**Student:** 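One structure follows; several queries about it will come next.
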Amino acid sequence: MTRPRVLSGMRPTGKLHLGNYMGALANWVKLQDQYECYFFIADLHALTSDYADPSRVKLNTLDVALDWLAAGLNPEKSTIFIQSHVPQHAELHLLFSMITPLGWLERVPTYKEQQENITGKDLSTYGFLGYPLLQAADILIYQAQFVPVGQDQVAHVELTREVARRFNSMYKTSVFPEPEALLTPTPKVPGTDGRKMSKSYGNTIGMTEAPALVAKKVVEMSTNGQRVRQTDAGDPDMCPVGELHKVFSSPETIASTQHGCRAATIPCEFCKIEAADSVCAVTEPLHQERARLEGRIDETWAMLREQSVKAASRAEQTMLSVRTIFDISRDLGTVRRYFVQRAEGEKELRDLSEFANWWELPQDQRAKQVREYWRNNLVPREIHLSQESNRVFATLDRELEEPFLSSKKKRVFVSTSRDAEAPEAWKFEIPARTYEVWTLLCWRKKDLKLFDFPIPQKVFSQDFAMAKKSLKKNEKIPVCITRIEGDHFHLSIAGKSSHDITLLEKNYEPLQ
Ligand code: SF4
């Protein structure tokens, strides 16, 4: 069973505070068991506002990573990575910037708000305007279905949905699912002065701070004017310490301190010590785990690099489709046919879909046309090129579904393989999807000869279904064609069965 995919990130602004922990991180830790999670440290986002002094970006990134791990984000359950280590984020952002109207970005509520509120930084930059679009790329590149966010970030998810919709409709595709905001109720943690906990107010309690420091900060907290004289009754709903109890204390402690406050039967000092105990019960294990991790910093960095490679490989899957859509794929692909060198007098080749009367041609001519098309458009020309420690550098496997092959618009899987070993054998990997026909092209390096086998479903369906059952996630089914006794070709699926497919060579008839 595949779990729904979730993506979220945080800007690296240094060690996290209790507001970050209760507002997001504690929830993420729970999500790990329910969803396929991708969590990233958004260092590129940090640069959109801190570009003038980037000296702490890496240190802050590590601080965030250590706090995440201390809180229980687990690289065995989730992919935890650094945004800039997956360059596909920047690539997709750039491509999205081609199709996104300027007005969409100018309308994002946080754009104007932050420009006005953040003083001392010039945020009238292209990068800052575009950061919600970078967020859209962050989310869509993993084709995430859900984004856990606070209410203030819902507008960004909405922009992401609009970008996905525009892309899909502009290019008539469904590459990007429209993600949904995963709103979870998160308690508001008051800062030590009663305002929202925020680094810019200097009122934070660190989530991995030493217990003695946490306790000191709680004990020194403001009561927001409540119980100036300890003989006065107070209202715990008006006091930040009362709010802290609501987030961290047991129902019994909340009840007893609230009663003591309203009846003026407990001193504030006692109430604060109780609150400090409740907070420390949460932060002390986090503090200890962080201290342990700080002693193994190289391992943490290696983990982040490794996980970033994993994230990049998932991101690359999406980028392959996106690059193809923008016609900037790394394959020479179908433009190859414009550069085909033809013998004098040979007719120019065209895309078979342009052949109006193609199905009226006699079978042998039709087969010839198709084979010419394969040869010129699908068989890579780079095969004479580089070899690295006996490994062919340019892979010859490719996957295509070309509906024109079948007059009934049936799905056809086409793949090319070069013979790699003796006796002659060609290996293919076939995705576990339903195809009516496989066309397997076997390219022989000795004389560059092409053998092609259109194989109808009835030949492979049974073995394919069996192989599919034992498949792990995202695995493809290995298929091999072997040439034996000179003129016989045998097909084996997942190494189990063998079918003589000699007669299927150039047999395009089943495609009708
Ligand atoms: S008793 Fe507790 S909740 Fe009431 S005012 Fe004092 S610190 Fe605040």
Side-chain angles (χ1 to χ4, degrees), residues 10 13-30 63 67 70-72 117 148-153 183-291:
M10 270 186 205
T13 51
K15 290 181 183 174
L16 304 181
H17 55 67
L18 282 178
N20 305 130
Y21 178 63
M22 298 307 291
L25 190 50
N27 181 38
W28 292 4
V29 174
K30 288 187 210 143
D63 264 335
D67 278 353
N117 292 345
V149 285
Q151 192 62 45
D152 55 337
Q153 292 280 309
L183 281 168
T184 36
T186 45
K188 279 221 169 57
V189 183
T192 50
D193 59 359
R195 290 186 290 175
K196 186 183 168 206
M197 190 176 282
S198 162
K199 276 204 177 126
S200 50
Y201 296 144
N203 63 359
T204 60
I205 300 172
M207 63 163 259
T208 51
E209 252 168 5
L213 197 55
V214 172
K216 184 172 180 291
K217 284 186 176 177
V218 175
V219 168
E220 287 172 1
M221 262 175 95
S222 144
T223 61
N224 198 20
Q226 296 295 303
R227 303 192 63 199
V228 179
R229 285 177 304 188
Q230 292 291 286
T231 46
D232 289 346
D235 181 354
D237 293 332
M238 303 291 287
C239 170
V241 182
E243 292 300 317
L244 213 54
H245 272 298
K246 285 183 202 163
V247 180
F248 293 98
S249 294
S250 66
E252 297 75 37
T253 309
I254 297 171
S256 68
T257 49
Q258 287 197 342
H259 177 264
C261 178
R262 290 198 172 101
T265 53
I266 55 166
C268 284
E269 197 188 346
F270 177 80
C271 176
K272 287 175 174 179
I273 290 170
E274 293 262 292
D277 282 350
S278 303
V279 175
C280 286
V282 173
T283 58
E284 190 169 355
L286 305 181
H287 168 73
Q288 281 171 2
E289 183 57 11
R290 165 138 187 155

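Computed from a predicted structure; not experimentally measured. In listed order, ligands and their atoms are each counted from 1.
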**Student:** Is any protein N, O or S atom closer than 2.8 Å to atom 2 (Fe) of ligand 1, and if so, which?
**Tutor:**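 As for protein N, O or S atoms lying under 2.8 Å from atom 2 (Fe) of ligand 1, they are Cys271 SG.
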
**Student:** For a side-chain hydrogen bond (donor to acceptor under 3.5 Å, both in side chains) with Glu209, tell me which candidate from His287, Arg290, Lys217 qualifies.
**Tutor:**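 Among His287, Arg290, Lys217, the one that satisfies the side-chain hydrogen bond (donor to acceptor under 3.5 Å, both in side chains) with Glu209 is Lys217.
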
**Student:** Are the charged groups of Asp67 and Lys15 less than 4.0 angstrom apart, N to O?
**Tutor:**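 Looking at Asp67 and Lys15, the cut-off is not met.
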
**Student:** Please answer whether the main-chain N or O of Asp193 pairs with a side-chain N or O of Asn203 as donor and acceptor at a distance below 3.5 Å.
**Tutor:**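 No.
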
**Student:** Within this structure, what is the CD1-CD distance for the pair Ile266 and Gln230, rounded to the nearest 0.5 Å?
**Tutor:**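 One finds 9.0 Å between CD1 of Ile266 and CD of Gln230.
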
**Student:** With sequence neighbours left out, what residues match Asp277 under side chain to side chain donor-acceptor pair (under 3.5 Å)?
**Tutor:**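 Side chain to side chain donor-acceptor pair (under 3.5 Å) check on Asp277 returns nothing, list empty.
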
**Student:** Taking Lys272 for its side chain and Val241 for its backbone only, find out whether a donor-acceptor pair lies under 3.5 Å.
**Tutor:**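 Judged by distance alone, no pair lies under 3.5 Å.
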
